[in-house]
Number of protein chains: 2
Amino acid sequence: MIRVFIVDDHPVVIEGIHSLLQNEKDIAWVGQAMNAASCLGFFVNNTADVVLMDISMPGMDGVELCAVMKEKYPGVFILGLSTFNQGLYIKKMMENGASGYILKNSSKEELITAIHSVNDGSIFFSGEVGQALEEYQKYSKTKLPLLTPREKEVLELIAEGYTNPQIAEKIFLSQFTVDSHRKNLLAKLNVKNTAMLIKFAVENKLL
Amino acid sequence: MIRVFIVDDHPVVIEGIHSLLQNEKDIAWVGQAMNAASCLGFFVNNTADVVLMDISMPGMDGVELCAVMKEKYPGVFILGLSTFNQGLYIKKMMENGASGYILKNSSKEELITAIHSVNDGSIFFSGEVGQALEEYQKYSKTKLPLLTPREKEVLELIAEGYTNPQIAEKIFLSQFTVDSHRKNLLAKLNVKNTAMLIKFAVENKLL
DNA sequence: CTACCCATCACCCGAAACAGTGATTCTTAC
DNA sequence: GTAAGAATCACTGTTTCGGGTGATGGGTAG
């Protein structure tokens, strides 16, 4: 018997999912909350196996609540819920310990598969969520300034810790040229020093 | 009907999975390969919906094959297989476009759930694999030198692009002190400049 | 053909980073 | 109570970075 708890600030969603699950004999509805605080309140004296959690809520949002819950109750599995495709938040919520993610309008079968998988300690992403993540990555890439092949080359060598003179020697250039590329990188990516350059590059998967 | 293809260099595994799946009426066994080359050969004139792929194989390994397959046939979903817990390779394979991961000794139910989920475009991780990933992360963290609170603080500010004098002003320290912390960071993390420091920090989730 | 971008090279200069060395205080652990 | 490490500060160099400015040649698209 899997004990399920839900946190969502939309009563409609709570009711909808409740009705989808009420005839499942191995799933027990143990409670619900409409904000982070009452969710945490519930867990003081009660528990659950799987928590369905909305991503956006007034006050503390799902991303933060997820981190707090996982900190206090590491054994509780969290399954994220969202109505729309929020790649960035999905990513953050996974980093905060969620075990999976589905859309609120997913089918009954998908919902139940997800709950079972998560309860077994598995990780489950619905297909639409996977697409959202991909689209988010593509989207962030289109917003990136285009780097020339030489610039990418120099960027990679900088990330590996080579200095301008070393890079120059390595790819047979004048150190002035390498310096030019380096300055162009800083300008194009709108950062002001090596630290920001590398951080930006890693975060945007340029390396 | 889900068309399943398997790539594994162990005949025992191929046979085992074949027998597990042969009575499933919505799963069709379309072929098998014992190395990357013959897998690629199969896909020249044939196709499949889901490919079960071993992580370690002679010649081109699963990680690489996964990248090649996804490049040539983006519509084919790849489900990773491994006998042991290889956190690092699992991570790499996911980065190369795999849709999920299970252990070879997983139950029939889990195998079938995984194939269905992946075929729907979802992402599925078996619980043991999730544990492997977690353990891998913990393991890599234990291998990390311990940074003091001050050092972490300085590290974060460096990553945000502040210079030593700016950091000194921001947290009310002498720039000499900040410089000391910075040098200790370089020494502890065994890197030789800011670029390597930030790259290392991001990769090891110190930021 | 000409305007534009890429790639190359050059120089100056101040600021920042990096290397080495050493010192003091304070807490924490044995 | 003392040994160890954290946190603080100090001085001196050398190297690298980053800003500014500008030049040349090659390819390409209008």
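Chain letters run A, B, ... following the sequence lines, proteins first, then strands; residues in each count from 1.
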Looking at the base of D:dG20, is there any donor atom on it, or on the side chain of A:Lys183, that sits under 3.5 Å from an acceptor on the other one?
yes
Do A:Leu197 and A:Leu155 have side chains that get closer than 4.5 Å, going by heavy atoms?
yes
For atom CD1 of A:Ile167 and atom C1' of D:dT15, their distance in whole Å
15 Å
Hey, what do you get for CD1 (B:Ile198) to CD (B:Glu160), rounding to the nearest 0.5 Å?
10.0 Å
Please list, in 5' to 3' order, the outermost nucleotides of DNA chain C lying under 4.0 Å from any heavy atom of chain B.
C:dA16 to C:dG20
Pairing donors with acceptors under 3.5 angstrom, does anything connect the side chains of B:Asp49 and B:Asn119?
no
Show, in sequence, the C-alpha distance, side-chain angles and deciding distance for B:Asn35 and B:Ser38, and conclude whether the side chain to side chain donor-acceptor pair (under 3.5 Å) test is met.
CA-CA 6 Å; B:Asn35 55 58; B:Ser38 61; 3.2 Å; yes
Are A:Glu95 and A:Lys92 ion-paired here, with the side-chain N under 4.0 Å from a carboxylate O?
no
Between atom CZ in B:Arg182 and atom P in D:dC9, what is the gap in whole Å?
17 Å
Contacts to DNA chain D from residues 153-165 of chain A, heavy-atom cutoff under 4.0 Å, which residues?
A:Thr163, A:Asn164
So which protein nitrogen or oxygen atoms get under 3.5 Å of nucleotides 4-7 of chain D's nitrogens or oxygens?
unit_1: D:dA7; atom_1: OP2; unit_2: B:Thr148; atom_2: OG1; d: 2.2

note: A:Asp179, atom CG; D:dT21, atom P; distance rounded to Å ~ 15 Å
List in chain and number order the residues that pass ring-ring contact (aromatic ring centres under 6.0 Å, His included) with B:His10, two or more places apart in sequence or in another chain; answer none if no residue qualifies.
none
Expected list for residues 105-112 of chain B: side-chain donor-acceptor pairs under 3.5 angstrom, two or more places apart:
unit_1: B:Ser106; atom_1: OG; unit_2: B:Leu103; atom_2: O; d: 2.8
unit_1: B:Ser107; atom_1: OG; unit_2: B:Glu110; atom_2: N; d: 3.1

Tell me, please, which residues at least two apart from A:Phe43 pass ring-ring contact (aromatic ring centres under 6.0 Å, His included).
A:Phe5, A:Tyr73
With a 6.0 Å cut-off (strictly less than), is the heavy-atom count around CG of A:Asp26, excluding the residue itself, greater than 12?
yes
Please report, to 0.1 Å, the donor-acceptor pairs under 3.5 Å made by any side chain of residues 167-177 of chain B, with sequence neighbours excluded.
unit_1: B:Lys170; atom_1: NZ; unit_2: B:Tyr162; atom_2: OH; d: 3.4
unit_1: B:Ser174; atom_1: OG; unit_2: B:Phe176; atom_2: N; d: 2.9

Among pairs that include at least one residue of residues 105-132 of chain B, which meet ring-ring contact (aromatic ring centres under 6.0 Å, His included), considering only residues two or more places apart or in two chains?
none
How does each nucleotide of nucleotides 23-30 of chain D score, in 5' to 3' order, for protein heavy atoms under 4.0 Å: base (B), sugar-phosphate only (S), or none (-)?
--------
Kindly write out the residues that satisfy side chain to side chain donor-acceptor pair (under 3.5 Å) with A:Thr47, not counting sequence neighbours, or none if the list is empty.
none
Within residues 193-207 of chain A, which residues have any heavy atom lying less than 4.0 Å from an atom of DNA chain C?
none
Considering only distance and modelled atom types, tabulate donor-acceptor pairs under 3.5 Å from the side chains of residues 65-72 of chain B, sequence neighbours left out.
unit_1: B:Lys70; atom_1: NZ; unit_2: B:Pro74; atom_2: O; d: 3.0
unit_1: B:Lys70; atom_1: NZ; unit_2: B:Val76; atom_2: O; d: 2.9

Do A:Arg182 and A:Glu151 meet the salt-bridge criterion of a basic N to acidic O distance under 4.0 Å?
no
Taken to the nearest 0.5 Å, the spacing of A:Asp54 CG from A:Ile6 CD1 works out to 8.5 Å
